[in-house]
Number of protein chains: 2
Amino acid sequence: MDEIDELLSIRAAELYYEENKTQDEIGQALRLTRWKVGRLLAQAKQRGFIRIEILHPRARRLPIERRLRDERGLADAIVVSTAGVTSPEELQARTAQAAADYLTALRPVPRTLGVSWGRTLFEISQHLRQGWATGVNVVQINGGVSLNRRPGTAAATAVGIAQKGGGSATLLPSPAILERLETKEAIESDRVVAGVIELARSADAYLFSAGAADHSSVHVESGYLSAPDVDLLVQKGAVGDVVGRYIDSDGNIVDPALDARTVGLTLDELRKAHLAIAVISGPGKLAVADAVVRSSLCSVLVTDEATALHLLGG
Amino acid sequence: MDEIDELLSIRAAELYYEENKTQDEIGQALRLTRWKVGRLLAQAKQRGFIRIEILHPRARRLPIERRLRDERGLADAIVVSTAGVTSPEELQARTAQAAADYLTALRPVPRTLGVSWGRTLFEISQHLRQGWATGVNVVQINGGVSLNRRPGTAAATAVGIAQKGGGSATLLPSPAILERLETKEAIESDRVVAGVIELARSADAYLFSAGAADHSSVHVESGYLSAPDVDLLVQKGAVGDVVGRYIDSDGNIVDPALDARTVGLTLDELRKAHLAIAVISGPGKLAVADAVVRSSLCSVLVTDEATALHLLGG
DNA sequence: GGCGATCGTGCTCATATGAGCAGACGAGCG
DNA sequence: CGCTCGTCTGCTCATATGAGCACGATCGCC
């Protein structure tokens with residue numbers, strides 16, 4: 001297209017989209033036939049001169065979702081729009097809302113839902129509506145109730161999701177990571193704990209997030225790991241954690257010894273699940289998000305536009 | 001509209017604009033009639049959820065132009081889009097291009113065009129195409145050839161516009177501002193100078209910019225005024241200058257004594273013109289732009305979107 | 001509880017738009 | 001010089017969309 005046509009297509013686009021004239025009227029104004037106008041508009045679109053944005057906190061990006069499904073082999077993907085986002089909190093809220101919406105619309109409704117805990121999960125629980133489901137029982141899939149500095153967040157998450165969904169919550173009464181392997185094995189052989197883990201294994205669906213491998217991690221905040229511990233993990237290639245288990249960029253366990261002291265479902269159990277919903281968003285989690293998707297830890301991903309584009313761009 | 005309809009309208013908009021489904025298909029997907037879908041889309045537009053932007057350096061904002069004409073009484077207005085602008089230089093270039101386009105499309109073609117000089121005018125001269133008109137003679141409307149540090153800019157502007165328009169340029173061989181009133185009167189009574197000014201008065205159209213009242217002014221740069229002079233003018237209420245004459249926010253001359261020493265067309269002569277095209281853009285010129293429009297110094301304004309919205313918002 | 005006002009709904013019909021096609025035009029080549 | 005090929009143009013026709021209308025539900029008011 002030469003410059004004259006390019007300019008005409010811009011003039012046509014202005015009249016069409018900003019002044020909502022018909023293509024015929026534009027044709028008269030610019031001394032073109034209406035078919036020429038239609039073609040100019042089509043070219044303007046195709047060449048990317050026209051950008052249509054949907055400005056709404058609940059807006060999604062369906063074309064990106066499709067690409068994620070097709071190119072990254074996900075069963076489903078939910079991508080929230082970042083248009084008009086001003087703060088990290090807003091991004092987090094939008095993603096949590098989208099996850100809550102996805103859960104609410106999920107069919108068939110899971111009878112048992114396995115959940116992890118953390119900031120993201122807690123926010124999802126808050127965005128769920130009272131009565132989002134009827135009779136959904138919730139079970140924790142990794143430990144972490146007791147040592148939390150902000151007590152009750154882990155429990156509140158599971159209980160909140162269950163209560164709003166008209167079911168009950170089953171907590172996993174165990175720390176996330178234990179100091180000694182023996183203690184971990186002893187705890188796992190406890191009848192109650194073993195029962196909870198068994199229940200978690202039988203869940204119809206899992207909902208979890210992933211943490212970045214840095215000092216802002218809930219594991220550091222909760223006291224399960226120290227800042228130097230995390231530095232060491234990063235040195236070994238860790239990009240983040242999923243249900244308390246640190247993985248590298250290929251989704252492999254970074255520190256098997258540490259992993260053996262971590263209570264809850266294993267990553268392979270997650271991988272075998274029919275429905276594993278990961279909710280991961282924010283610029284700090286690009287690497288983990290990629291690792292999770294690359295290693296098929298989730299079948300469904302809820303994320304933001306920027307993260308999604310990163311997953312597709314690499 | 002309740003929340004459920006709001007969400008539906010967003011879903012519909014996603015399917016319509018991002019997935020280009022027909023309203024009928026969307027109706028089937030969301031279990032709505034196609035008429036309902038059409039109404040949801042109309043509401044989404046009307047409530048501002050849908051934003052359509054035209055991303056092109058030559059794109060204009062016609063609705064804003066219309067409002068400027070209607071609400072600020074301009075004969076015509078050209079508003080360039082700021083979408084995708086990354087630097088002040090780009091904004092300047094877009095505005096200059098728009099002014100050049102406007103001149104080129106101007107009918108009837110002016111036989112004599114009065115021009116001021118400065119950074120903006122120079123850039124317009126560069127954006128004009130060879131042969132933008134045939135036989136347009138250009139005359140300077142205010143003094144300022146000699147003292148310029150970057151010599152020749154003022155002359156190059158007028159000469160460039162004339163040469164590309166197949167005409168000749170008439171320069172005003174005088175400083176912009178003289179130190180003594182007597183000198184100014186002597187210069188104006190010179191046969192050549194008086195002849196040029198007489199020619200300028202008879203021009204069919206005027207093209208000029210406006211300067212902000214600060215130290216970045218070309219008058220400071222050219223040595224006609226010192227920084228403290230400008231500070232004093234600001235103290236007296238100056239918001240900027242037009243053809244070398246400093247005005248307050250109502251368009252009145254700030255310092256009559258200084259004005260009497262300024263060579264060129266007077267502001268009232270500009271106001272009486274049939275066609276006075278002001279080209280003013282950039283965040284530093286909001287106040288002058290407002291003063292120029294408020295006091296009818298121009299009949300046509302070429303500006304950027306942000307400045308235009310400022311003119312409408314106050 | 002009856003009644004009108006108001007709103008939302010799904011229709012009919014007119015209009016706007018896009019797909020596909022036949023002819024015109026011009027560039028490149030034998 | 002004439003041919004062919006590809007591109008662009010303006011058409012026909014099918015489809016998508018929007019305006020306007022009649023109906024029924026809902027609500028407030030008496």
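Lettering of chains follows the sequences in order, A, B, ..., and the numbering in each one begins at 1. All values reported here derive from a predicted model rather than from experimental measurement.
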Q: Scan nucleotides 11-23 of chain D nucleotide by nucleotide, 5' to 3', and note B when protein non-hydrogen atoms come under 4.0 Å of the base, S if they reach only the sugar-phosphate, - if neither.
A: BB---SBBBB---
Q) How far does CD1 of I277(B) sit from CG of L301(B), to the nearest 0.5 angstrom? A) 10.5 Å
Q. Tell me, which pairs form a salt bridge (charged side-chain N to carboxylate O under 4.0 Å, His left out) where one or both residues lie in residues 71-90 of chain A, sequence neighbours left out?
A. R67(A)-E71(A), R69(A)-D76(A), R72(A)-D290(A), E90(A)-R94(A)
Show me the side-chain donor-acceptor pairs of residues 27-40 of chain A shorter than 3.5 Å, one per line, residues at least two apart or across chains.
{"unit_1": "T33(A)", "atom_1": "OG1", "unit_2": "K36(A)", "atom_2": "N", "d": "3.3"}
{"unit_1": "K36(A)", "atom_1": "NZ", "unit_2": "D5(A)", "atom_2": "OD2", "d": "3.2"}

Q) Which pairs pass salt bridge (charged side-chain N to carboxylate O under 4.0 Å, His left out) with one or both residues in residues 302-314 of chain A, sequence neighbours excluded? A) R61(A)-E305(A)
Q | Axial bend angle, the helix from dG1(C)-dC30(D) to dG30(C)-dC1(D): five-pair end segments, nearest 10° | A | 20°
Q | Nearest-Å distance for atom pair CD/P, residues Q28(B) and dG10(C) | A | 14 Å
(Q) Please determine whether salt bridge (Lys or Arg N to Asp or Glu O under 4.0 Å) holds for the pair E53(A) and R51(B), giving the CA-CA distance in whole Å, both sets of side-chain angles, and the decisive distance to 0.1 Å. (A) CA-CA 5 Å; E53(A) 260 181 348; R51(B) 183 218 227 115; 3.4 Å; yes
Q. Pairs in or reaching into residues 101-115 of chain A: which pass salt bridge (charged side-chain N to carboxylate O under 4.0 Å, His left out), with residues at least two apart or in two chains?
A. R58(A)-D101(A)
Q | Nearest-Å distance for atom pair NZ/P, residues K36(B) and dT9(C) | A | 4 Å
Q. Is there a donor-acceptor pair closer than 3.5 Å between any side-chain N or O of N137(A) and the backbone N or O of T112(A)?
A. no
Q) Over how many whole Å does the gap from Q43(A) atom CD to dT7(D) atom C1' extend? A) 12 Å
Q.
Please determine whether a side-chain nitrogen of the Lys or Arg among R66(A) and E18(B) lies less than 4.0 Å from a carboxylate oxygen of the Asp or Glu.
A. no
